[in-house]
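Take a look at the structure below.
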Amino acid sequence: MRVSCLMLVTLRDDPADAEIPSHKLLLRAGYIRRLGSGIYAYLPLLWRVLQKISTIVRQEMDATGALETLLPQLQPADLWQRSGRWAGYTAGEGIMFHLEDRQGRELGLGPTHEEVITALAADLLRSYRQLPVNLYQIQTKFRDEIRPRFGLMRGREFIMKDAYSFHANEASLRQTYAAMDGAYRRIFRSCGLKALAVEADSGAIGGSASQEFMVTADAGEDLILTSADGRYAANQERAVSLPPEPVELPGGLRAGGAGELLATPGQTTIEQLVGAHGFEASQLVKVLLLVARFEAGLRQPLLISLRGDQQLNEVKLANAVSAKLAGEHGVLLGIDPLSPELVAELNRIGGRAIDLSALPLGYLGPDLEDGVLTAARSSLVIEGRESRAGSAGAAAMPQPPRLHLSKTFLRLTDPTAADLPAFVCGANQVDQHRIGAGWAGLGLRPEVVDLRAAQPGDRCLHDPSQTLAAARGIEVGHIFQLGRKYSDAMEARFTSETGAEESLWMGCYGIGVSRLAQAAVEQNHDANGIRWPLAIAPFEVIVVSASAQDPVQVSLAEEIYDRLRSAGVDALLDDRNERAGVKFKDADLIGIPWRVVVGRGASDGQVELVCRDDGQRRDLAVEAALDALLDVIPAGRSGLESGVEA
RNA sequence: CGGGAUGUAGCGCAGCUUGGUAGCGCACUUCGUUCGGGACGAAGGGGCCGCAGGUUCGAAUCCUGUCAUCCCGACCA
């Protein structure tokens with residue numbers, strides 16, 4: 001390809017709406033253009049990168065026996081209603097673009113394909129003899145992200161490789177999951193990326209085991225905790241660790257564990273209590289009030305007890321709450337702090353009102369009575385769901401769920417708090433705490449759930465001499481063992497060896513192809529521009545004649561370009577009538593791994609070979625330069641020596 | 001959705017406080033000189049100043065509304 005024919009438009013200034021290096025560079029170097037928030041055109045240079053990544057992905061997926069396919073992006077709503085995800089994915093903070101066709105039928109634009117593939121599997125897979133199978137596709141996904149960000153990093157339209165496997169039993173699922181783990185490590189290594197495999201939360205997709213693949217980069221959206229020995233790595237959402245040992249409370253239990261009152265005027269935070277009384281934060285139990293929202297209308301107040309020096313991990317909390325209540329009340333839509341606005345909403349739906357002013361915020365103890373949820377004397381009751389005589393149109397709308405407020409707290413206690421023999425906690429009255437309280441003395445038998453966020457510096461479970469260190473990562477891949485969640489919901493069954501009808505076991509495996517391209521830039525750039533790993537660079541070599549006027553240089557450059565191309569090298573020829581400096585700057589910016597400069601030495605058959613990655617230059621005879629390139633390029637196409645580290 | 005910021009030429013910005021001819025740098029076109037790290041000179045082209053109302057003799061500038069984009073939080077490949 002000749003640069004003169006490439007529609008190359010590079011920018012000298014950083015675009016104002018880009019924040020992180022990779023986003024700026026992709027815009028400046030002419031790889032992408034924004035059409036709307038989270039919507040980008042992939043320009044020809046980037047398309048070459050995406051194709052190369054896709055080729056690597058295909059090779060590795062095919063090598064595991066996976067079958068490439070292409071599924072519809074336009075997906076009928078009833079599929080999603082059958083899996084129970086339609087409401088969660090379209091209402092409120094749902095992420096699916098959806099529309100109605102001319103007949104009034106509802107459709108969604110595929111954010112993921114569990115429903116479609118499971119419906120197909122239900123149709124096609126009848127016998128254990130057909131199993132296992134693993135189907136994959138590389139295609140555009142649509143997600144109405146709450147906050148699109150950083151160019152391709154979080155787009156509303158993006159390219160994803162997604163694979164779905166079906167099995168007769170869990171052991172087979174584990175086998176394919178392990179095969180995908182291996183394939184993913186090879187894919188990222190082949191792309192020339194340093195990636196880290198970490199334990200992950202399985203999130204909204206559901207299922208049991210899951211692992212994420214992170215490209216380490218400062219701009220990453222995820223926090224990863226790793227042990228120095230490399231044996232443990234996890235997303236902070238998921239990470240577990242040994243908490244620091246608490247400091248024993250002097251005096252132990254008082255008043256039989258009911259605690260003695262302690263005047264703490266104006267001291268509503270851990271820091272203030274520690275400062276005023278010389279406590280250690282680990283001697284305190286703090287209480288958080290939250291409300292969980294469920295799809296079927298339940299609003300469940302939560303009373304969470306944590307040791308004072310620990311932080312809540314909201315993902316762990318959501319999982320725990322969901323595990324307890326989602327079966328009966330549908331999908332957990334969210335968990336919110338008990339703010340005045342939320343109290344106002346609860347008051348509208350609760351029948352009786354919560355009186356926020358009666359809650360001694362900052363002085364709450366774990367034994368706060370359920371009575372506060374109904375105790376307000378306000379008789380101001382406003383019916384939330386008055387059914388107005390609706391028009392025909394309104395009548396056709398599905399009825400929103402009836403909101404209702406639980407009158408009792410769901411009380412969950414982190415082990416760090418539950419294990420304290422004696423502690424300081426709020427007294428449920430303003431300006432008072434209690435010292436020397438204990439769980440039994442307060443009349444409580446805490447329900448213990450791991451809710452604390454692991455922190456950098458915590459000791460590791462597998463080896464307490466190791467501590468966790470933090471790194472930031474960009475999630476480029478995620479593999480899940482789904483189990484039978486979708487096959488149960490969508491009745492995707494097969495006949496087993498014993499003749500019984502059983503639900504299929506499923507796994508799913510995703511790679512963000514377009515995100516991966518940008519992550520590669522984030523991990524490989526310098527002040528002058530992008531430094532593509534050879535394996536996914538849009539071109540492997542750029543041939544630049546220093547002077548477009550010198551016919552000797554021009555013809556030698558043409559010759560080298562032709563010979564590289566006929567040797568199977570992806571070569572680019574900068575044949576523009578520009579000054580050498582402009583061509584060099586552009587070559588660095590767009591990040592081509594090797595540059596052949598045909599300049600002053602051209603008449604003596606000498607050229608310069610420049611490596612973009614380390615900046616090294618060598619003056620070589622033409623033949624030597626070609627030999628060097630034909631040696632290093634095929635070797636480099638297979639990626640790094642060692643990519644995935646854990 | 002909550003909080004913060006910004007919309008002026010393809011890109012980056014000034015002008016707005018104090019209303020009166022729409023500007024600068026880069027990019028683009030033509031000519032000349034230059035030619036190994038984003039050259040120089042000359043001459044040009046390109047603007048519903050995000051949009052809609054309002055105030056005013058007069059609005060990029062003041063007021064109201066609205067839309068869009070970016071950043072910080074919940075979502076995820």
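First the proteins, then the strands, lettered A, B, ... as listed; each starts at 1.
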Which is true for [X] with a 4.0 Å heavy-atom rule: it touches a base, it touches only sugar-phosphate, or it touches nothing?
X: Arg156(A); result: nothing
X: Glu608(A); result: base
X: Val582(A); result: base
X: Arg595(A); result: base
X: Arg600(A); result: base
X: Ile95(A); result: sugar-phosphate
X: Ala546(A); result: base
X: Gly155(A); result: base
X: Asp222(A); result: base
X: Gly599(A); result: base
X: Val9(A); result: nothing
X: Asp588(A); result: base

Identity of whatever pairs with [N] - Watson-Crick or G-U, under 3.5 angstrom:
N: C62(B); value: G54(B)
N: G46(B); value: none
N: G7(B); value: C67(B)
N: G2(B); value: C72(B)
N: G36(B); value: none
N: C24(B); value: G12(B)
N: C31(B); value: G41(B)
N: U18(B); value: none

Between [N] and [M], how far apart are the two [atom1] atoms, rounded to whole Å?
N: G15(B); M: G53(B); atom1: C1'; result: 24 Å
N: U6(B); M: G19(B); atom1: C1'; result: 23 Å
N: U21(B); M: U61(B); atom1: C1'; result: 15 Å
N: C57(B); M: C11(B); atom1: P; result: 38 Å
N: G46(B); M: A22(B); atom1: P; result: 14 Å
N: U56(B); M: U64(B); atom1: C1'; result: 16 Å
N: A27(B); M: C13(B); atom1: C1'; result: 14 Å
N: G12(B); M: G7(B); atom1: P; result: 12 Å

Discussion item. So, does Arg149(A) get its side chain near the phosphate of C72(B), meaning an N or O under 4.0 Å from OP1 or OP2?
Written reply: yes
Discussion item. When you measure from the side-chain N and O atoms of Thr10(A) to the phosphate of G38(B), is any distance below 4.0 Å, counting only OP1 and OP2?
Written reply: no
Any donor-acceptor pair under 3.5 Å between the side chain of [X] and the base of [N]?
X: Asp586(A); N: G38(B); answer: yes
X: Arg579(A); N: U34(B); answer: yes
X: Arg147(A); N: G2(B); answer: no
X: Arg154(A); N: C76(B); answer: yes
X: Arg515(A); N: C76(B); answer: yes

Thinking salt bridges, do [X] and [Y] make one under a 4.0 Å N-O criterion?
X: Arg238(A); Y: Glu212(A); value: no
X: Asp222(A); Y: Arg472(A); value: no
X: Arg156(A); Y: Glu145(A); value: no

Practice prompt. Using the salt bridge (charged side-chain N to carboxylate O under 4.0 Å, His left out) rule, take Glu578(A) and Lys583(A) through it: C-alpha gap first, then chi angles, then the decisive distance, then the call.
Written response: CA-CA 7 Å; Glu578(A) 290 286 353; Lys583(A) 298 189 200 176; over 6 Å; no
Worksheet, complete the sentence: Only residue of Val198(A), Thr216(A), Leu196(A) satisfying side-chain contact (heavy atoms from CB on, under 4.5 Å) with Thr226(A) is Leu196(A)
Practice prompt. Among Val449(A), Ile335(A), Leu288(A), find the residue that satisfies the side-chain contact (heavy atoms from CB on, under 4.5 Å) test when tested with Leu317(A).
Written response: Ile335(A)
Just compare [options] and give me whichever is closest to any side-chain atom of [X].
X: Arg617(A); options: G37(B), C75(B), C70(B); value: G37(B)
X: Arg143(A); options: G36(B), G12(B), C76(B); value: C76(B)
X: His478(A); options: A77(B), A27(B), C11(B); value: A77(B)
X: Lys585(A); options: A77(B), G38(B), C70(B); value: G38(B)

Discussion item. Checking Asp575(A) against Ser4(A): is there a side-chain donor and acceptor pair closer than 3.5 Å?
Written reply: yes
Could you state the [atom1]-[atom2] distance from [X] to [N], rounded to the nearest angstrom?
X: Arg28(A); N: G10(B); atom1: CZ; atom2: C1'; result: 15 Å
X: Glu578(A); N: G37(B); atom1: CD; atom2: P; result: 14 Å
X: Leu223(A); N: G73(B); atom1: CG; atom2: C1'; result: 16 Å
X: Arg34(A); N: C71(B); atom1: CZ; atom2: C1'; result: 14 Å
X: Ile146(A); N: G2(B); atom1: CD1; atom2: C1'; result: 13 Å
X: Asp144(A); N: C75(B); atom1: CG; atom2: P; result: 15 Å
X: Leu8(A); N: G38(B); atom1: CG; atom2: P; result: 18 Å
X: Phe150(A); N: U69(B); atom1: CZ; atom2: C1'; result: 15 Å

Item to complete: Report the relative orientation of the aromatic rings in Phe142(A) and Phe97(A); use parallel for angles under 30°, tilted for 30 to 60°, perpendicular for over 60°.
Response: perpendicular
Practice prompt. Take the angle between the ring planes of Tyr42(A) and Trp47(A) and call it parallel below 30°, perpendicular above 60°, tilted in between.
Written response: parallel
Item to complete: Let me know, please, whether Tyr40(A) or Ala580(A) comes out on the 5' side of the other along RNA chain B by nearest nucleotide.
Response: Ala580(A)
Discussion item. Nearest heavy atom decides the nucleotide; on that basis, is Pro148(A) or Glu221(A) closer to the 5' end of RNA chain B?
Written reply: Pro148(A)
Worksheet item: Are Phe584(A) and G38(B) stacked, counting the six-membered base ring, centres under 5.5 Å, planes under 30°?
Response: no
Practice prompt. Could you check if a side-chain atom of Phe188(A) sits within less than 4.5 angstrom of a side-chain atom of Leu516(A), using non-hydrogen atoms only?
Written response: yes
